[in-house]
Amino acid sequence: MRDVCVIGLGLIGGSVLRAAAAAGRTCWGVSDSQTDVDSAVADGYDAATDLAHALDRAAEADALVVLAVPLTAVDEVLRAVGEHAPNCLLTDVTSVKAPVRDAVARLTPHTRYAGGHPMAGTAESGWKSATASLFDGATWVVCAEEPAGDDEPGTDLIAWREAAALAFDAGAHVIALPALAHDGTVARTSHLPHLLAAVLANVAAGGGPLAAALAAGSLRDGTRVAGSRPELVRAMTEGNRGALLPVLDEALGLLGAARGSLASTGGLAATIDAGHDAVTTLTRQQEAPRTPVKLDLRAPDALDGLLSLGERGGWFTAIDGDVLTGEVA
Ligand SMILES: O=C(O)C(=O)C[C@]1(C(=O)O)C=C[C@@H](O)C=C1
């Protein structure tokens, strides 16, 4: 089992460190937050604030380095990776993938990198809210890219395998996607919901103490993530601007149509019926029976196999040596 060095000990990084340790790996964490480091050490984990030392140790142990810092801190940390562990195996857990992929190519071109994104979280933050079970049953994207040109290799499959193995250790299943496909999809499923939650919370709070007294399940479910740390939500939504803008236009178009129809005919059937059908379809897709698949990462067409399965929403649940097992609907 490969050693793991986790940079950033907040909710996600802390949960990765806990899960890796629970799986029996040697792992250490580093954070610029003395509070998170003190809490991790008090809980019995190997953690410190010295990034250079943590990376030197990673280089020596040929460890997997996991970047779990906010998007806004990625460049600075990558510069340190380039200095102290320039050839390391690298993954990350940030919620936007194309900018991180490009920053890695620019700042640490010799690392063996496969970007990652576990689709799990809570509105809490910091080491204190991290748990080893946060990713249990979650989907964890591990990015894979076709070669960009004749001298531009595609994703390093050793890095992909190591990032996937970490996700499996955390109880997640892994889907392989190109960074842009990931960013376009999470704009719909994560970043728009965060923005709408903020809008909804604002509108509800406009109703004052009476709104607070009457608010029940629907408002609670719709606004839960509005309580997340604002700088993290800003980093992921603003960091995915290119993909979020057209999705926001789509949402505004639907809201505009609903408003127009309510004002002119008094009816909301088109919007509400379509929403009901859409949620039924999403649930049916999530619950569709799946058939088992196997993929050998040593096969010459392994990258194509990963990508064609990912495109269809198929995922992997385990790895044995280089052989992945998974399922697809
Ligand atoms: O459940 C939550 O609290 C989350 O916000 C988790 C959530 C999301 O579903 O949008 C948010 C950001 C992560 O990058 C992945 C998942």
Open item on the list: Could you check whether W127 and D43, counting side-chain N and O atoms only, form a donor-acceptor pair closer than 3.5 Å?
Closed with: yes
Task: Donor-acceptor contact present, side-chain D50 to main-chain H53, <3.5 Å - done: yes
Open item on the list: Between W160 and V142 (side chain of the first, backbone of the second, donor and acceptor by atom type, cut-off under 3.5 Å), is there such a pair?
Closed with: yes
Task: Any donor-acceptor pair under 3.5 Å from S133 side chain to D136 backbone - done: no
TODO: Starting at CG of L297, measure out to CD1 of I319 and round the result to the nearest 0.5 Å.
DONE: 5.0 Å
Task: Under 3.5 Å donor-acceptor, T223 side chain and A226 backbone - done: no
Task: Sidechain-backbone polar pair: T155 side chain, E145 backbone, donor-acceptor under 3.5 Å - done: yes
Open item on the list: Please tell me whether T237 and H194 have a donor and an acceptor in their side chains that are separated by less than 3.5 angstrom.
Closed with: no
Open item on the list: I need the T281 OG1 to H276 NE2 distance, nearest 0.5 Å.
Closed with: 10.0 Å
Open item on the list: Looking at L11, is its backbone amide N or carbonyl O close enough to the side chain of S129 to form a donor-acceptor pair, meaning the two atoms are under 3.5 Å apart?
Closed with: no
Please tabulate, for the side chains in residues 85-99, all donor-acceptor contacts under 3.5 angstrom to protein atoms that are two or more places apart in sequence or on a different chain.
unit_1, atom_1, unit_2, atom_2, d
T91, OG1, A114, O, 2.7
D92, OD1, Y113, OH, 2.7
D92, OD1, G116, N, 3.4
D92, OD2, T94, N, 3.2
D92, OD2, T94, OG1, 2.4
D92, OD2, K97, NZ, 2.6
T94, OG1, K97, NZ, 3.2
K97, NZ, T94, O, 2.6
K97, NZ, G116, O, 2.9

Task: Ion pair R112/E162, N-O distance below 4.0 Å - done: no
Open item on the list: Between R18 and A130 (side chain of the first, backbone of the second, donor and acceptor by atom type, cut-off under 3.5 Å), is there such a pair?
Closed with: yes
- [ ] To the nearest 0.5 Å, tell me how far R161 CZ sits from R298 CZ.
- [x] 9.5 Å
Open item on the list: If we ignore hydrogens and angles and just use 3.5 Å, is the side chain of R2 paired with the main-chain N or O of D62 as donor and acceptor?
Closed with: yes
Open item on the list: With a 4.0 Å cut-off on N to O distance, would you call R57 and D3 a salt bridge?
Closed with: no
Open item on the list: Treating N240 as the side-chain partner and M236 as the backbone partner, does any N or O pair qualify as donor plus acceptor under 3.5 Å?
Closed with: no
Solution key, residues 303-316 side-chain donor-acceptor pairs under 3.5 Å, sequence neighbours excluded:
unit_1, atom_1, unit_2, atom_2, d
S308, OG, D304, O, 3.4
W315, NE1, E327, OE2, 3.2

TODO: Under the salt bridge (charged side-chain N to carboxylate O under 4.0 Å, His left out) rule, what do D36 and K128 come out as? Steps first, then yes or no, please.
DONE: CA-CA 8 Å; D36 284 338; K128 287 248 181 282; over 6 Å; no
